[in-house]
Amino acid sequence: MTVPTPVDPPSFTRAREQLLAVREALDRVIVGQHEVVSGIVTAAFAGGHVLMEGLPGLGKTHLAKALAAALGLKWARIQCTPDLMPADVTGAEIYSTGRDGTPGFVFRPGPVFAQLLLVDEINRATPRTQAALLEAMQEHQVTHGGTTRPLPQPFCVLATQNPIELEGTYPLPEAQLDRFMFKLRVPYPDPASLGALLDVSLDAEPADELAAVLHPSEVLALTALCRTVLVSGRCKQAAIDLVLATQPSASHDAGEARRHIRYGASPRALQSLVRAARVQAVMAGRAHLDVEDLARVALPVLRHRVLLRLESELEGLDADSVLAGIIDPWRRGC
Amino acid sequence: MRSPDADRVLDQVRRRLQARRNADAVRRAAWLTFVVAAIAVTLHAFVRPVAFVEIAVAVAAVWSLAIVGARLRVIDWSDCAAWADRHLDGACAYETYLERRDGPALPRGVELQFTDSLERLASGADDRLRAIAVDASFRRPLALAAVGLLASIVLLQVPMQWRTSGREAGAPEDSAASAAASRATANTGLGVDTAPTLAQARTGEPNPLAATAATRGSDAAGDDPGARVDEVAADRDRGNAAGGATTKRSGTGGREAGDTADTAENPSLSEAWKGTMAAQFRELPAAPEAATRADPTLAATYSQDDTGRTTAAAPDMAPPAAAVPPPARHASSTGPAERAYVRAYLSLQGTTP
């Protein structure tokens with residue numbers, strides 16, 4: 001396992017250039033998915049994890065590979081099935097001969113010990129296996145056999161799930177959903193993007209040919225720089241107001257939320273909101289946060305953290321439409 | 001962390017907000033001036049006369065309060081920063097700067113970038129500030145205030161002249177009668193009070209009700225009951241003599257006390273004291289007090305002679321005056337229908353009316 005050496009944080013101008021370079025590199029590979037690419041870059045540099053939801057064949061796995069290549073990260077993939085065991089994720093102790101020739105139990109790290117972990121179709125794994133990812137995602141460490149082992153830095157989990165064919169699946173519990181910073185919906189590309197996709201990928205695999213834009217140490221430095229972005233009291237209050245607006249029991253005026261939302265966003269959502277907005281501020285070349293940065297990341301941060309009422313779901317509403325009714329008035333009021 | 005450029009922009013914004021607040025105060029005071037003038041005219045028309053000095057004082061108070069209020073309310077720096085962020089594309093930079101200005105030092109990279117951002121913002125702020133003009137449109141409110149004041153001056157003068165001329169026209173004719181009527185009304189309050197007063201006047205006794213009348217706020221002449229009663233009688237005579245003038249006054253100056261039908265002839269007397277018998281009674285000579293009153297300090301004794309003395313004294317009393325018919329009325333009390341009926345009856349009888 002390679003632990004990158006931290007470097008001095010770059011200037012904000014240099015950081016903006018690096019972030020935009022990563023995004024442009026991914027845009028060249030993942031054609032027609034600019035919003036998804038921007039979201040993944042934002043979450044990666046904010047130190048968060050991403051849950052991607054989309055139909056098969058939309059390039060989710062391809063995107064993960066391209067991101068790992070662009071950031072120079074060691075990546076691993078877990079294809080989740082109902083018979084996947086936790087040890088298949090975290091690793092297991094096997095009886096083997098050590099380097100000194102003495103036999104004994106040796107810990108063999110699982111795929112979770114990677115810098116970028118792609119968990120494909122995560123909702124097909126059993127809850128027990130899903131729970132094995134909890135500690136890794138939140139604490140960036142794995143405890144096995146009484147021994148706690150830290151995960152490499154940076155560490156980012158990209159999980160995918162299929163919105164159809166839900167038979168035999170195990171929907172992620174709320175506790176695990178809350179650990180994802182973003183939930184990104186991967187839309188179907190428009191016709192023009194489909195043509196460009198053919199041009200790019202017909203004769204080669206672009207993700208395999210993608211050169212590293214950054215070194216992992218630079219990723220860490222950029223992540224540290226993003227955490228220094230100044231947040232004014234007004235922006236803090238705006239973020240708090242937005243999160244509280246999703247709470248049906250809050251004293252704030254959240255009429256729309258009260259009608260459709262059963263459970264609102266957690267305080268962790270508030271943290272994720274500000275952290276992701278800081279990356280957006282760096283992308284804009286600023287050392288201070290703006291309310292617009294919060295608005296840009298509000299939907300992917302909140303959409304998997306609100307639970308709709310059954311009546312609203314039966315009416316055909318989804319989290320995006322309900323949150324749009326909350327975010328727009330909030331943005332005008334700021 | 002200090003940024004002179006950001007401080008300069010915030011100071012400019014503060015002066016601008018102060019100018020806008022002053023403009024708002026002037027505009028508000030102008031509107032209030034118009035409202036004050038309208039209220040004054042309404043008061044003058046329906047409630048009481050209003051002098052222009054009162055309007056001037058009210059307007060001066062309104063303007064003083066507006067100007068002093070605008071000067072006393074200090075513009076908050078956070079308001080300046082919020083305004084700058086909103087109107088100068090600050091993107092929360094000025095608010096962030098205001099919070100960090102007096103705080104601990106920032107990391108070097110952050111401070112460099114942030115200061116650079118502030119400088120870039122400040123370089124374009126001057127042009128933006130010039131582009132955003134302060135709303136200084138005082139023309140409409142000031143014009144309205146001036147029109148309101150001028151209109152109030154004119155309207156306050158016109159009704160006052162009209163009222164004064166109406167009063168002066170009727171005053172010479174009935175000033176005496178009016179004064180007498182008012183004085184008598186003030187003295188007596190009601191005719192019931194006057195009756196014993198007149199009786200006391202005939203007998204020469206002090207008037208026990210005079211003190212009561214005096215306490216009701218009547219004339220200062222209430223100290224001397226006899227003089228007051230004489231005055232009342234004189235007033236009554238004057239009131240009778242000036243009956244026509246009183247009637248005329250009521251036609252010009254409105255209805256006042258004493259003009260009503262029951263008290264027009266003698267406002268100092270009640271209805272019961274205006275009849276024939278009452279007039280005869282008033283003309284009776286007053287009986288000696290000793291003959292009509294007993295001495296409460298002496299014990300009652302019976303004497304046979306007393307009956308004779310009483311009987312003998314009876315012829316000394318003046319005989320009652322003969323009843324006189326009521327004065328003939330000059331005006332016929334019959335109405336047109338009655339006269340038509342009488343005329344028709346007489347024509348049927350063959351006689352000519």
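Naming: A, B, ... by sequence-line order, numbering from 1 per chain.
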**Student:** Starting at CD of B:E111, measure out to CG of A:L230 and round the result to the nearest 0.5 Å.
**Tutor:** 10.0 Å

**Student:** Tell me if a side-chain donor or acceptor on A:H288 pairs with a main-chain N or O of B:Y94 at a distance below 3.5 Å.
**Tutor:** no

**Student:** Where is the tightest heavy-atom contact between B:E99 and A:S232, given as atom of each residue plus distance?
**Tutor:** OE1-CA, 3.3 Å

**Student:** In this structure, which one of A:D293, A:V231, A:D290 forms a side chain to side chain contact (heavy atoms under 4.5 Å, CB included) with B:C92?
**Tutor:** A:D290

**Student:** Does a sphere of radius 6.0 Å around CZ in B:R2 hold more than 12 heavy atoms from other residues, nucleotides or ligands, not counting ones at 6.0 Å or beyond?
**Tutor:** yes

**Student:** Non-hydrogen atoms of chain A under 4.5 Å away: do they reach the side chain of B:L106, the backbone, both or neither?
**Tutor:** side chain

**Student:** Specify the closest pair of heavy atoms between A:A287 and B:F114, including all atoms of both residues, with the distance to one decimal.
**Tutor:** CB-N, 4.0 Å

**Student:** Near B:R71 CZ, under 6.0 Å, is it more than 12 heavy atoms from other residues, nucleotides or ligands?
**Tutor:** no

**Student:** Under 3.5 Å, side chain of B:E95 to main-chain N/O of A:R234, donor-acceptor pair present?
**Tutor:** no

**Student:** Side chain, backbone, both or neither: which part of B:D116 has an atom under 4.5 Å from a heavy atom of chain A?
**Tutor:** neither

**Student:** Please state whether the side chain, the backbone, both or neither of B:R108 comes within less than 4.5 Å of a heavy atom of chain A.
**Tutor:** neither

